[in-house]
> 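Attaching a single structure in structure tokens format; questions to follow.
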Amino acid sequence: MTDISAGSEVRVRFAPSPTGYLHVGGARTALFNWLYARHTGGTFLVRIEDTDLERSTPESVQQILDSLEWLGMTPDEEVVYQTRRAPEHKAYVDAVMASGHAYHDYCPKEKLEALREQAKTEHRAFVYRRGLLTEDEIERFKASGEPGVIRLRAPETGNTGYDDLVYGRIEAPNETIGDFVIARADGSPLYNFTNAVDDMDMGITHVCRGEDHVSNTLRQVLVYEALGRPTPQFAHLPLILGTDKKRLSKRHGATSVMQFHEEGVLPEALLNFMALLGWSPEGSEPEEVMSLDRLVEAFTLEKVNKSAAVFDYDKLHWMNGMYIRQLPKEEIYKVVVPALDEAYGAAGGPGDEPPGRAQWLRDIIDLEIERSRTMKDFAVNLDYFFAAPTEYEEKAAKKLLSTQEQIDRVRQVTAEIDKAWPAGAATRDEVHDVLDAHLRAWCEANGVKFGQAVHPVRLALTGRTASPPLFDVLYNVGKIDTVARLTALADYAEKRLVVS
RNA sequence: GCCCGGUUCGUCUAGCGGUUCAGGACAUCGCCCUCUCACGGCGAAGAUCACGGGUUCGAAUCCCGUACCGGGUACCA
């Protein structure tokens with residue numbers, strides 16, 4: 001077995017089968033291929049493995065391509081579709097038949113089943129070999145009209161192996177491999193054959209894929225050998241698991257790339273996070289938040305791990321928050337303004353008051369940037385700017401508004417805010433500073449703790465106990481609404497008092 | 001069953017025979033900042049390096065075995 005000559009230009013490929021959307025496992029595989037290509041100045045290709053007609057769909061193809069594009073990993077050459085390469089596949093099957101490395105096999109499924117069962121009870125590996133059937137049997141099966149499959153004739157002694165760039169030497173005795181099927185009875189070729197043959201024709205130098213393909217790689221090495229062709233380098237990547245250490249699936253949360261998109265995860269953050277699943281940069285000082293350029297620069301196959309990694313949504317969201325805070329504000333507005341429009345329409349806002357709704361939207365978005373972990377958080381957390389709260393956090397209401405004294409103070413604070421609010425077109429800072437100073441002075445004079453005065457205001461305006469700095473919220477809610485909301489809270493609290 | 005892998009804090013990981021009674025990050029908890037939350041800063045807790053044998057003056061690091069987990073063993077990919 002020979003390897004593709006070192007030094008030639010790197011060509012890698014991502015080869016998904018279009019039987020569903022692109023999930024994080026596939027996306028991580030694509031990313032490692034893409035990073036490796038960029039790091040080495042090589043070429044990144046995509047091949048759609050759609051030979052399973054039963055399960056492949058054009059929708060899946062489109063979804064996978066869309067997802068890759070969203071992540072910014074577009075192929076450097078035209079996408080290859082396996083089903084369009086049927087003539088080439090047939091030529092290779094013919095070649096391997098002609099050279100005696102493959103043969104027709106007429107063994108019916110029932111007999112195979114029986115053989116498998118028997119092997120199991122004898123604690124042996126089941127391996128199919130030419131010669132399992134007598135000439136008589138072959139003739140009889142042939143005559144029955146049952147179409148035969150084509151099997152590759154595998155060596156019976158010695159070992160087959162290869163050097164995995166991640167796992168090291170992988171080797172198995174040939175007596176455990178057996179003659180495997182390379183083409184169905186209808187002539188259509190199977191994965192282990194097409195995969196190897198297409199990689200040859202595409203000039204792939206490095207096959208980088210999930211760890212679930214390690215065992216099959218041995219079979220593919222046999223295909224290369226049967227064809228007398230050098231093998232590419234192989235690098236297998238550890239699997240990605242869910243929190244229960246089982247293979248990541250829908251019940252763990254989002255698994256499809258587009259689902260992360262919809263949930264407001266930024267592509268850069270997803271990429272960064274996925275890169276750290278099974279890989280870490282060389283060097284003594286640890287890096288976690290890494291730009292795409294930095295990832296490309298630092299990425300090597302040598303630093304890929306062998307063991308499976310659990311997908312941690314918390315850490316992804318933390319990292320996404322980091323990326324949101326790094327984003328230029330304009331980028332955030334571009335996404336969040338339309339999201340707010342969609343969620344709330346023309347509700348709320350400053351009306352015709354200067355500086356106008358567009359600026360108002362930007363102002364309130366600014367308030368949530370350091371508080372958001374996904375792009376979706378904005379619309380959820382800014383709701384009170386678009387409509388007065390309809391309910392108040394129960395625990396806070398009980399604590400802050402259970403005595404007449406407390407309620408009276410809310411009314412006093414309301415009056416003070418109303419009185420102190422700067423007239424005319426004051427800026428946010430002016431409003432903030434003036435109200436802050438006035439209320440503090442009032443608290444001082446009346447022996448009220450600042451927090452005591454301010455907490456009910458927050459509850460009145462937002463319905464919650466947590467929000468951006470209160471006077472910034474006030475500014476964007478506006479004087480009239482602020483007073484109205486405070487009055488509403490006091491009325492509500494009084495009603496509760498009477499009832500109880 | 002057989003073949004092939006994997007196993008360091010809850011999670012992602014650093015570590016590639018001695019400078020590590022194991023470092024960082026997320027999550028958790030505490031303190032600071034502070035009108036709350038968040039951001040930021042500081043700190044705490046958290047790993048007998050799956051287990052058992054070797055090799056060695058010395059092992060998370062090398063070797064063997066066991067356990068557990070995963071993959072393959074298809075006319076799926």
Side-chain angles (χ1 to χ4, degrees), chain A residues 15-19 49-52 54-56 82 105 109 112 116 119-127 147-151 161 164 167-168 170-173 175-178 180-192 194-195 209-219 236 238-239 241 243 245-247 273 276-281 283-289 305-319 321 325 367-373 381 396 436 439-440 443 449-455 457-459 462 464-471:
Chain A
S17 63
T19 55
E49 307 226 322
D50 51 0
T51 52
D52 184 349
E54 305 272 306
R55 299 194 298 148
S56 301
Q82 280 193 320
D105 169 44
K109 285 179 180 167
L112 280 176
R116 261 192 271 271
K120 206 166 178 177
T121 57
E122 290 169 14
H123 295 206
R124 281 182 6 242
F126 170 71
V127 287
V149 298
I150 295 173
R151 284 181 187 273
D164 197 289
Y167 287 91
I170 301 286
E171 206 169 32
E175 64 248 31
T176 64
I177 296 180
F180 56 97
V181 179
I182 59 171
R184 300 180 177 92
D186 67 4
S188 62
L190 257 18
Y191 168 76
N192 279 135
T194 53
N195 189 271
R209 82 241 286 197
E211 190 250 21
D212 47 332
H213 291 290
V214 168
S215 298
N216 278 146
T217 302
L218 265 14
R219 275 167 259 275
H236 288 89
L239 262 24
L241 310 175
T243 10
K245 306 244 180 192
K246 293 271 161 55
R247 236 180 138 126
F273 179 74
L276 265 14
L277 244 33
W279 175 83
S280 62
S284 47
E285 74 267 18
E287 295 177 82
E288 297 256 277
V289 181
N305 280 157
K306 293 182 178 71
S307 52
V310 172
F311 194 95
D312 183 354
Y313 289 86
D314 276 344
K315 191 158 184 178
L316 200 220
H317 285 134
W318 162 77
M319 188 168 276
R325 265 157 252 131
L367 296 179
E368 283 296 329
I369 290 176
E370 68 187 22
R371 271 163 265 268
S372 293
R373 288 161 88 93
N381 293 337
D436 189 279
L439 256 187
R440 277 182 201 278
C443 285
K449 280 217 220 127
F450 191 62
Q452 283 182 309
V454 131
H455 293 321
V457 179
R458 169 170 288 110
L459 193 65
T462 68
R464 309 183 190 144
T465 52
S467 83
L470 187 63
F471 298 108

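Every value quoted in this text rests on a predicted model; they were computed, and no experiment measured them. Letters A, B, ... mirror the listed sequences (proteins, then strands); counts begin at 1.
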> If only atom types and distance count, is the side chain of A/D164 paired as donor or acceptor with the main-chain N or O of A/H236 below 3.5 Å?
yes
> Looking only at atom C1', what distance separates B/C69 and B/C62, rounded to whole Å?
24 Å
> On a whole-Å scale, what distance lies between the C1' atoms belonging to B/G46 and B/U8?
13 Å
> Any side-chain heavy-atom pair from A/V289 and A/W318 closer than 4.5 angstrom?
yes
> With rounding to the closest Å, how many angstrom separate the C1' atoms on B/U55 and B/C63?
7 Å
> Determine the Euclidean distance between corresponding P atoms of B/A67 and B/A59; express it in Å to zero decimal places.
26 Å
> Who does B/G5 pair with, Watson-Crick or G-U, both distances under 3.5 Å?
B/C69
> Do we see a donor-acceptor contact under 3.5 Å between the side chains of A/N216 and A/R209?
no
> If I take atom CD in residue A/E287 and atom C1' in nucleotide B/C12, what distance separates them, rounded to the nearest angstrom?
15 Å
> Which part of the nucleic acid, if any, lies within reach of A/E54 when heavy atoms closer than 4.0 Å are counted: base, sugar-phosphate only, or nothing?
nothing
> Taking the side chain as every heavy atom from C-beta outward, state whether A/R219 and A/Y191 have any atom pair closer than 4.5 Å.
no
> Need the pair for B/C57. Rule: Watson-Crick or G-U wobble, both distances under 3.5 Å, any strand; none if unpaired.
B/G18
> Tell me the interatomic distance from A/M319, atom CE, to B/U13, atom C1', rounded to whole angstroms.
12 Å
> Between the side chain of A/N305 and the main-chain N/O of A/S307, is any donor-acceptor distance below 3.5 Å?
no
> Can you measure A/Y313 atom OH to B/A25 atom C1' for me and round it to whole angstrom units?
19 Å
> What is the distance, to the nearest angstrom, from the NE2 atom on A/H236 to the P atom on B/C4?
16 Å
> When every nucleotide of nucleotides 61-77 of chain B is labelled 5' to 3' by its protein contacts under 4.0 Å (heavy atoms), B for base, S for sugar-phosphate only, - for none, what sequence of letters results?
---------SBSSSBBB
> Please verify the inter-ring angle class for A/F471 with A/F450; under 30° counts as parallel, over 60° as perpendicular, anything in between as tilted.
tilted
> So which one's nearest nucleotide on RNA chain B is more toward 5', A/F311 or A/K120?
A/K120
> B/A25 pairs with which nucleotide, Watson-Crick or G-U wobble, both distances below 3.5 Å?
B/U11
> Between B/G10 and B/A74, how far apart are the two P atoms, rounded to whole Å?
39 Å
> Take atom NZ of A/K306 and atom C1' of B/C4, then tell me their distance rounded to the nearest Å.
14 Å
> Are A/P238 and A/Y167 side-chain neighbours, meaning at least one heavy-atom pair lies under 4.5 Å?
yes
> Tell me every residue that passes side chain to side chain contact (heavy atoms under 4.5 Å, CB included) with A/P173, counting only those two or more places apart in sequence or in another chain.
A/N159, A/E175, A/T176
> Just by distance, with hydrogens left out, do A/R458 and A/T462 show a side-chain donor and acceptor under 3.5 Å apart?
no
> Measure the distance from CD on A/E288 to C1' on B/A25 and round it to the nearest whole Å.
4 Å
> In whole angstrom, give me the gap between the C1' atoms of B/A60 and B/C2.
32 Å
> Can you tell me the distance, in whole Å, between the CG atom of A/D312 and the P atom of B/C26?
11 Å
> Look at the side chain of A/R151 and the backbone N and O of A/G178, then say whether any donor-acceptor pair between them is shorter than 3.5 Å.
no
> How far does the C1' atom of B/A47 sit from the matching atom of B/G5, given to the nearest Å?
24 Å
> Can you check each nucleotide of nucleotides 30-42 of chain B against protein heavy atoms at under 4.0 Å and return B for base, S for sugar-phosphate only, - for none, in 5' to 3' order?
-----BBBBSS--
> Rounded to the nearest 0.5 Å, what's the gap from OG1 on A/T194 to CD on A/E49? Could you check?
5.5 Å
> Find the partner of B/G30: check Watson-Crick (N1-N3 plus N6-O4 or O6-N4) and G-U wobble (N1-O2, O6-N3) distances, both under 3.5 Å, and reply none if neither fits.
B/C42
> Take atom C1' in B/A22 and the same atom in B/A14, then report the distance between them in whole Å.
9 Å
> Between the base of B/A27 and the side chain of A/K315, is there a donor and acceptor pair under 3.5 angstrom?
no
